[in-house]
Amino acid sequence: MRLLPLILTSLGMKYWLMKSEPSTFGIDDLINKPAQTEHWDGVRNYQARNMMRDDMKVGDRSFFYHSNCELPGIVGIMEIVREGYPDFTQFDPGNVHFDPKSKRENPTWMMVDVKFVRKLSRTISLQELKQVPELAELALVRRGNRLSVMSVTEQEWDLILALE
DNA sequence: GCCAACGTTGGC
DNA sequence: GCCAACGTTGGC
C-alpha cells in the first residue's frame, strides 16, 4: 500500500518563510524561470542551513518574502520541490556566495528547490504583520531577527493568509 | 545611507 | 573559552 505514507506525508506538511531581496531575486524572477522552479542558493547562516538540510520536505509550503526593499513583506507562496542538496555557488570563486573553506567532499552550504504556487493579491507588509498579536512569536517580527529561512506554524500560516 | 542587532573570526 | 573587532542583514 502506497497510500498510507502519502497521507502521513501530507499530514506532516510544514510551513516556512524564505526571504529574498527583490533587486536580486524577486517573485517575478521565480515566475519567469523554467517550470517556475529555481534553486534557493546563497543561504550562509547555519541555522537556516540546518532547516533546509534537515527539515524541509517535498510538498512543504513557504511564503516568499521580499526583504530590503521599498515595501518589505510577504508577496507569494511557493512549494518545496527538491530537498536539501549542496549549494553549488559555494564552490564558484566568481560567485558572491563563494566560500573558500567549503570542500566538495563535505559541502558546508545547502539549498532546496522551490516552485512558484501563487502570488498574494497584495503584499502583506512586515508593518502589518507586526501589528497582529497572534504573530508575536513569528521569528520575522521578533526584534533583531535576521534569519532568512524560518518555520511558520500552521496557525500562523492560516492567520497570515486570512489577512489577504 | 544610517545604524542596531546579530553572527563569525581570531588573538590571547 | 572569552570577547573585541569586524562583516552582514535588513528595516527605516
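By convention in this document, chain letters (A, B, ...) are assigned in the order of the sequence lines, proteins followed by strands, and residues within each chain are numbered from 1.
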Contact state string [nucleotides 1-9 of chain C, B base, S sugar-phosphate only, - no protein heavy atom under 4.0 Å]: -------BB
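Taking CD from A:E21 and NE2 from A:H66, the interatomic distance works out to 10.5 Å, rounded to the nearest 0.5 Å.
Projected onto DNA chain B by closest heavy-atom contact, A:R143 and A:Y46 fall at different nucleotides, the more 5' of which corresponds to A:R143. For A:R142 and A:K101, each mapped to the nucleotide of DNA chain B holding its nearest heavy atom, the one lying further toward the 5' end belongs to A:R142.
Here A:R44 pairs with A:D87 in a salt bridge; the nearest charged N to carboxylate O distance falls below 4.0 Å.
The 12-atom threshold is not exceeded at NZ of A:K119, counting heavy atoms of other residues, nucleotides or ligands nearer than 6.0 Å.
Through direct or indirect side-chain contacts shorter than 4.5 Å among Ile, Leu, Val, Met, Phe, Trp and Tyr, A:F98 is connected to no other residue.
Across every non-hydrogen atom of A:E83 and A:V58, the tightest pair is OE2-N, 2.9 Å.
Here the options are A:L140, A:I74, A:L71, the test is side-chain contact (heavy atoms from CB on, under 4.5 Å), and the partner is A:L126; only A:L140 passes.
Distance CG (A:L17) to C1' (C:dG10): 14 Å, rounded to an integer number of Å. Following rounding to the nearest Å, A:L129 (CG) and C:dG11 (P) show an atom-to-atom distance of 11 Å. We find that CG of A:L71 is positioned 12 Å from C1' of C:dG11, with the value rounded to whole Å.
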